[in-house]
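The structure appears below as structure tokens.
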2 protein chains.
Amino acid sequence: MSNLELAVLGQDDPALCCSPMVREPLGEDAAAELARMFKALADPVRLRLLSLIASHEGGEACVCDLTGPFDVSQPTISHHLKVLRDTGLVGSERRGTWVYYWVLPTALAKLSSLLRTPDAAEPAAAGGSE
Amino acid sequence: MSNLELAVLGQDDPALCCSPMVREPLGEDAAAELARMFKALADPVRLRLLSLIASHEGGEACVCDLTGPFDVSQPTISHHLKVLRDTGLVGSERRGTWVYYWVLPTALAKLSSLLRTPDAAEPAAAGGSE
DNA sequence: TGTCTGTATCGACGAACGTCGATACAGACA
DNA sequence: TGTCTGTATCGACGTTCGTCGATACAGACA
């Protein structure tokens, strides 16, 4: 078990970035910005691209490694990578012939802490169910 | 307590539950399922609805509390609530005249742990613009 | 019973999205 | 230089999405 990571995470400081959205109502601007980021995650190809890049050796992957596993065309992959990059979820760099992409972990961490629920175990004050 | 809603979730697939997506590539099925959930979050109105419900007194809110803060029509609010409910993010129940909604924390927690990054210490470095 | 209020559904419309083939651009190399 | 490979952009197409007004449904109450 990797309690180490949990301990390292330790984002107990809501003031730093993102207080969980279940604690206080989101403002319009924050909601718009967050919706943009979630929209970037709201596609199966982009989700798989993201996890492929992140789990790739060295934490980065060449586009040439990313076109194979998918049934979509190369322009489509390029389009999805652009969406991820424009949203700040990944970074990219050209090195000679190839272009490499890597995940920007802070963006994911921000969303993760925002979705965090204080009491994920129980339905809390759900009161009743059907 | 009766965790009917939680049972409905019924996703004991570990790839969907706890392993961060940055550790191993997502499968096609897991990606499709997750994309559906992120799509439900990919709208400013739904995000604000969710946080309004969760942060409301008692952890639940009547629809009558949810139509006021928005500039969209009542059918639109109802539509968004339906999306959230169909995705398993909220539960709902009619009590007499009013219908109450509450957040199902396990769904959010699942997404949160999925976005967790092992090496992202503080989200503040992300350019924390908002 | 009839009526009123709160919520959901229906049907339609414009905008945004995912995808493609064609093509342009960038770097490597002969 | 010219050519080849890897990646990005363009323009177009069909689908999905968010929104609305109109309307149907459910419960409360006179």
Side-chain angles (χ1 to χ4, degrees), chain A residues 26 28-29 31-50 52-53 56 60-102 127-128 130, chain B residues 26 28 31-50 52-53 56 60-102:
Chain A
L26 282 171
E28 291 190 42
D29 293 345
E33 164 70 12
L34 290 167
R36 241 177 274 129
M37 309 198 67
F38 282 125
K39 193 169 297 184
L41 296 176
D43 181 274
V45 173
R46 285 198 291 270
L47 278 179
R48 291 176 61 204
L49 276 174
L50 208 55
L52 259 180
I53 294 170
H56 200 267
E60 60 181 13
C62 168
V63 177
C64 57
D65 298 320
L66 301 174
T67 45
F70 296 92
D71 288 335
V72 298
S73 68
Q74 175 267 324
T76 298
I77 294 293
S78 191
H79 162 71
H80 285 309
L81 287 172
K82 177 178 169 58
V83 171
L84 291 174
R85 187 159 38 87
D86 289 348
T87 322
L89 290 167
V90 303
S92 72
E93 183 190 22
R94 167 162 232 134
R95 291 187 211 136
T97 302
W98 296 279
V99 177
Y100 289 85
Y101 282 78
W102 58 88
E130 298 98 327
Chain B
L26 282 171
E28 290 190 43
E33 164 70 12
L34 290 167
R36 269 182 31 215
M37 309 199 66
F38 282 124
K39 196 169 295 185
L41 298 176
D43 182 273
V45 173
R46 285 199 291 270
L47 278 178
R48 290 176 61 203
L49 276 174
L50 207 55
L52 259 181
I53 293 170
H56 200 267
E60 59 180 14
C62 168
V63 177
C64 58
D65 298 321
L66 300 174
T67 44
F70 297 92
D71 289 334
V72 299
S73 68
Q74 177 268 323
T76 297
I77 294 292
S78 191
H79 161 71
H80 285 309
L81 288 172
K82 178 178 169 57
V83 171
L84 291 175
R85 187 158 39 86
D86 289 348
T87 322
L89 289 166
V90 303
S92 73
E93 184 190 24
R94 166 161 232 135
R95 290 188 212 135
T97 303
W98 296 279
V99 178
Y100 290 85
Y101 283 77
W102 58 88

State whether A:Y101 places a side-chain N or O below 4.0 Å from either non-bridging phosphate oxygen (OP1 or OP2) of D:dA8.
yes
Just how far is it from atom CZ of A:R36 to atom CG of A:L41, taken to the nearest 0.5 Å?
14.0 Å
Please determine, for the side chain of B:C64, which listed nucleotide (C:dT7, C:dG18, D:dT7) has the closest atom?
C:dT7
The nucleotide from D:dT19, C:dA8, C:dC20 with an atom nearest the side chain of B:V45 is D:dT19
Tell me the interatomic distance from B:W98, atom CH2, to D:dG27, atom P, rounded to whole angstroms.
14 Å
In Å and rounded to the nearest 0.5 Å, what is the CZ to NZ distance from A:R46 to A:K39?
10.0 Å
Nucleotide paired to D:dC4 in any strand shown, Watson-Crick or G-U, under 3.5 Å
C:dG27
Taking the side chain of A:K39 as heavy atoms from C-beta outward, which of D:dT19, C:dC17, D:dA8 is closest to it?
C:dC17
Has A:T97 got a side-chain N or O lying under 4.0 Å from the OP1 or OP2 atom of C:dA28?
no
Once you round it to whole Å, what is the distance between P of D:dT9 and CD1 of A:I77?
15 Å
Using whole Å, what does the distance between atom P of nucleotide D:dC17 and atom CG of A:D43 come to?
11 Å
Distance in angstrom units between A:F38 CZ and D:dC17 P, rounded:
18 Å
Select from A:V83 and A:R95 the residue whose nearest nucleotide in DNA chain C is closer to the 5' end of that strand.
A:V83
Is A:H80 close enough to C:dC17 that one of its side-chain N or O atoms is under 4.0 Å from OP1 or OP2 there?
no
Expressed in angstrom and rounded to an integer, what is the separation of B:H79 atom NE2 from C:dA8 atom P?
13 Å
When A:R94 and B:A42 are each assigned the nearest nucleotide of DNA chain D, the 5'-most assignment goes to A:R94
Using both distances under 3.5 Å as the test, list the Watson-Crick or G-U wobble partner of D:dT19, or none.
C:dA12
Does the structure place the NZ or CZ of B:R85 under 6.0 Å from the centre of the six-membered ring of B:Y101, at an angle of no more than 45° from the ring's axis?
no
To the side chain of A:V99, which of C:dT9, D:dA8, D:dT19 is closest?
D:dA8
Over how many whole Å does the gap from A:R85 atom CZ to D:dT9 atom C1' extend?
12 Å
Below 4.0 Å: OP1/OP2 of D:dG18 and any side-chain N or O of B:R46:
yes
The nucleotide from D:dC17, C:dA8, D:dT7 with an atom nearest the side chain of B:V63 is C:dA8
State whether the side chain of A:R48 and the backbone N or O of A:P69 hold a donor-acceptor pair below 3.5 Å, judged by distance alone.
yes
About how many Å separate CG of B:D43 and NE2 of B:H79, when rounded to the nearest 0.5 Å?
8.0 Å
A:T76 vs C:dG18: side-chain N/O to OP1/OP2 distance below 4.0 Å:
no
To the nearest angstrom, the CD-P distance between A:E93 and D:dT7 comes to 14 Å
To the nearest 0.5 angstrom, please state how far the CG atom of A:L49 sits from the OG1 atom of A:T67.
9.5 Å
To the nearest angstrom, how far is B:L84 atom CG from C:dA8 atom C1'?
15 Å
